[in-house]
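First up is the structure itself, then whatever we jot down about it.
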2 protein chains.
Amino acid sequence: MVTLAEVARHAGVSASTVSYVLSGKRPISDPTRRRVRASIERLGYQPHAGARALASSRSRIIALMVPLRTDMYVPVMLEIAVAVATAARAHGYDVLLLTGEEGPSALRRVTGSGLAEAVILMDVQLDDERLPVLRAAGPPAVLVGLPADPAGLNCVDLDFTAAGALCVEHLAGLGHREIAVIGEAPGVYARHTGFAERTLRGLRDRAAESGVRLLHRPCEGGHDAVAGVLARIFDERPGVSAFVVQNETAIEPLLSLLRRTGRAVPEDVSVVAVCADQIAAQASVPLTSVAIPAQELGRRAVDRLVAGLTRPDAEDTAGVELLTPALTVRDSSGPPPPPARPGSPRSAAPPHGARAGSRPPGS
Amino acid sequence: MVTLAEVARHAGVSASTVSYVLSGKRPISDPTRRRVRASIERLGYQPHAGARALASSRSRIIALMVPLRTDMYVPVMLEIAVAVATAARAHGYDVLLLTGEEGPSALRRVTGSGLAEAVILMDVQLDDERLPVLRAAGPPAVLVGLPADPAGLNCVDLDFTAAGALCVEHLAGLGHREIAVIGEAPGVYARHTGFAERTLRGLRDRAAESGVRLLHRPCEGGHDAVAGVLARIFDERPGVSAFVVQNETAIEPLLSLLRRTGRAVPEDVSVVAVCADQIAAQASVPLTSVAIPAQELGRRAVDRLVAGLTRPDAEDTAGVELLTPALTVRDSSGPPPPPARPGSPRSAAPPHGARAGSRPPGS
DNA sequence: CTGAAAGCGCTAACAG
DNA sequence: CTGTTAGCGCTTTCAG
C-alpha cells in the first residue's frame, strides 16, 4: 500500500506538506503542489480511511437507517436511500446502511465508535424509540419524517397535512361532497407512523372546512383486502363519489375493482393518490396525485446534515422543514356524476362479484 | 471519549489484555476477563472503528453497490440490500452503500482507501465495466448476477434460465402451445442485463423442446405501453393462450387489459410471472409465479464473501452459485380454452375502446 | 511557505 | 496467562 510518507519522499517534501496539499488547509506554493500532485498520481496514492478517521476524528461517513419492514412506500424508500448516497458523495461523505432492526443500539454503536459522524433516520414514528438517543447530546441527526415532538430535532418531510388538504381541496373544488380515504395498512397507523396520521388530519380538517363528508378506512395491500374495504365503503356511504388513496399496493386493485363494478374513472368516481409520481403516472388510469418527493427529501436531509456538520454553531441548520406538496392533475379526477335517481343505470350496477363483471355502460 | 487505555487502567490490567478480552485471540483468566468486562460496561467503552481499522487493516465494512437507475425490480433491490445489511451484521460487518453512478472508480476508492474490505455488486451486466477492477487482483467481491464471463469471479444469482424453462414447462404441461413473453423494458435488454437474457434463453430452449411457439416482446412499464404490446401480440399471434411476464410494472396493466378485452384469467388465458412473491400474491389475480428469492440472494452473497474473507485460501468459496427457482401455482394458470369456433361467445366479446385495439378472432 | 514531531486508539508481535 | 512496546497512516500543532 502506498502511504503518504512514500508520496512525500517521492516528491521530496515532508509528510505534512502532502497532507496540506490534500486538505488545502494551508497555502502551498504552486510548484510544490504540482510535484506532490504528480507523485500522488504517479504512485496511485490513496489516503487510508481509518488512519484519517483516527487522526482527525472525522470519518466522513453518514449512517442511514432504513426500515426493515417493507410494507409501504418501498420504491420511495429506495429512492430516498439512493438520493442520500448521491448527495452525500457530492459532499465527500459515504453512507453506511443500517436496518431498523437493530434500533437505537445501532445508532449508539456506529456513532460511539466513530464509524459514522452523523445519522439520517427514515420511517420515523410519532414516538420513535430512537429519539432519546438523539436528544441526549446524541450525534448530529436528521429525521426524514416528523415525530410527535420534534423539539430540538432536525427534521425534513413532506407536509403531509397540506398534502391531505390539497387532495380534499381539489376534489371539493370539482364538486365532490362525499369522499372516502383508503389508507395504509392498519399496522402503519397502529405504530403511529407520522405521515399517515398527518395526512389524515389534513384530509379531515379540510373536509370539515369545505363541508365535505369524509370516511377513512385503513387497508391492507392486495386485491382481496381492497375489495373488502371497498364493499364496506359503498355500503356505508353509497354517496361516495371520490377516493383518496394513500397506499401504493391498493391503487391498482382499487382501479380494477371500480372498473369491474361498473364505475368509470373519472366519470363516475374520482381517484386522487398520495404516492410516488412514477406510480401515479403509470397506473392503469393515470392518477391525479400528490407526489412524494423522494429525491428532494434525501437531498435536503443530507444538505442539512452537512450544513450542521460544517458549522455546528449555526442555528438555522436545525428545526423542522416541511416541503410543500404539489398536486398533479392527471386523468383520474373530474366532477362528480349527476345525482343518481331511482331506476338510473348506476344504481343497477352489479354488486361486484362476477369476476370479469358485465361491462360498464360507457358513461 | 473512553479509550482502551482508560479501560485498562480502570481494570488494573494492560491495554493488550483488554484488547484480547475483546478479540478473544488469546486465553484470558476468568477473573481478569470479568473485571475487564465490568470496566468496559461501567465506562461505556466503545472501540474506535478507525483506530481498529488502522491497526488491523481490517475495516469490517462491506461495500454494496446498488443500481442508480430504478427501472426494474425495485422492491427486490431494496429487499436484497436490506438482507445484505442484516446478514453482514450477523457476521460483525457493516455495509457501505454505493450507487452505481460512480461506477468502477467508486470500487477503487472505497477499496483502495481501506474503507471497505470487500464488495457486493448488484445489477450486474453481461459485460460489466466494473469487472476489470475485480479481476485484476481486486478486492474480494461477490456479484449478485451473472456476467457473460464469470471466470475467476464469485457470483450468486437465481438460475433464470431454469426459471424461464420452468414457466414454459408449467404452461406446456397444461396444454398451451403458443406463449407470449412480456419482458423488461427495451433498455434492460439493450444494456445486456444478464438475468433478462438468461430468462429468455430458458424460455426459448424449453419452448423449442416442447414444441411450443414463443413470442417475446420487451415492454416499457405502464398501462399504455402494455396496451400497445398486447395489441401487437394478439395481432401477430391470435392463437396465444398464455403469457409469461417478467416486468413488474407490466403485471397489473396486463391483467387489467385482459379483463377489459373480455379474456378471463385463467379460463381464457394463463399468466405466469417472474417476480417477487409478494407482488405475485397480491396481484388482482393471484399469479402463478417463479419467485425472485431476494433475501436468499442477499444472504448468500454475504455468506460467501465472509467465507472468503475468513479463509482466503479455501477454493470452494469462489465460483458461480445459481439458486434453483421454484414455481408457485396460484390462480392465474390453467389449461387453455378449447379451440374457439366461429360464432362462439368469446369472439363476440365487445371490442371495448380503441385502446386495446380491435379484438382478434379467437384462436 | 515548509518541516519536524507528537499523537489519534488500537493490534500484535515479542517477552516473560 | 499477562505486560511492554512498536507501529498502523494520517493530521495538526509548534517551529522556522
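All values below come from the heavy atoms of this structure, side chains included, with hydrogens, waters and symmetry mates left out. The chains referred to below are lettered A, B, ... by the order of the sequence lines, with proteins before strands, and numbering in each begins at 1.
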Exercise. Do the charged groups of B/Glu102 and B/Arg109 touch, with an N to O distance under 4.0 Å?
Worked result: yes
Problem set entry | Closest-nucleotide ordering on DNA chain D, the 5'-leading residue of B/Asp30 and A/Gln46 | B/Asp30
Exercise. Does the side chain of A/Arg52 get closer than 4.0 angstrom to OP1 or OP2 of D/dT11 through an N or O atom?
Worked result: yes
Exercise. Which value, rounded to the nearest 0.5 Å, describes the distance between B/Glu79 atom CD and B/Thr86 atom OG1?
Worked result: 10.5 Å
Exercise. So how far is it from B/Leu54 CG to B/Arg52 CZ, rounded to the nearest 0.5 Å?
Worked result: 13.0 Å
Seminar exercise, completed: Separation of D/dG9 atom P from A/His48 atom NE2, nearest Å, is 7 Å
For this session: Grab the CG-P distance between B/Leu54 and D/dA6 for me, whole Å please.
Result: 17 Å
Exercise. In terms of heavy-atom contacts, does CZ of B/Arg135 have more than 12 from other residues, nucleotides or ligands at under 6.0 Å?
Worked result: yes
Seminar exercise, completed: note: B/Tyr45, atom OH; C/dG9, atom P; distance rounded to Å ~ 10 Å
Exercise. Separation of A/Ile40 atom CD1 from D/dC10 atom P, in whole Å?
Worked result: 10 Å
Exercise. So which nucleotide from D/dC10, D/dT11, C/dG9 ends up closest to the side chain of A/Thr3?
Worked result: D/dC10
Seminar exercise, completed: Rounded to the nearest 0.5 Å, the CD atom of B/Glu321 sits from the CG atom of B/Asn154 at a distance of 9.0 Å
For this session: Could you tell me whether A/Asp149 atom CG has more than 12 heavy atoms of other residues or ligands within 6.0 Å of it?
Result: yes
Exercise. Is the shortest side-chain N to carboxylate O distance from B/Glu6 to B/Arg9 below 4.0 Å?
Worked result: no
Seminar exercise, completed: DNA chain D nearest-nucleotide lookup for B/Ala51 and B/Ser29: closer to the 5′ end is B/Ser29
For this session: Compute the angle between the rotation axes at the two ends of the helix from C/dC1-D/dG16 to C/dG16-D/dC1, each taken over five pairs, rounded to 10 degrees.
Result: 30°
Problem set entry | A/Gln295 (side chain) donor-acceptor with A/Ala83 (main chain) under 3.5 angstrom | no
For this session: Check the distance between D/dC10's P and B/Leu115's CG and give it to me in whole angstrom.
Result: 13 Å
Problem set entry | B/Glu6 CD - C/dC8 P separation (whole Å) | 11 Å
For this session: May I ask you to list the residues of residues 14-28 of chain B, by number, that have any heavy atom positioned under 4.0 Å from an atom of DNA chain D?
Result: B/Ser14, B/Ser16, B/Thr17, B/Arg26, B/Pro27, B/Ile28
Problem set entry | Closest to side chain of A/Thr32, choosing from D/dC10, C/dC10, C/dT2 | C/dT2
For this session: Starting at atom CE of B/Met1, determine the distance to atom P of C/dC8, rounded to an integer number of angstrom.
Result: 12 Å
For this session: Nearest whole angstrom, please: distance from the P of D/dG3 to the CZ of B/Arg9.
Result: 14 Å
Exercise. Crowded around B/Arg42 CZ? As in, over 12 foreign heavy atoms under 6.0 Å?
Worked result: no
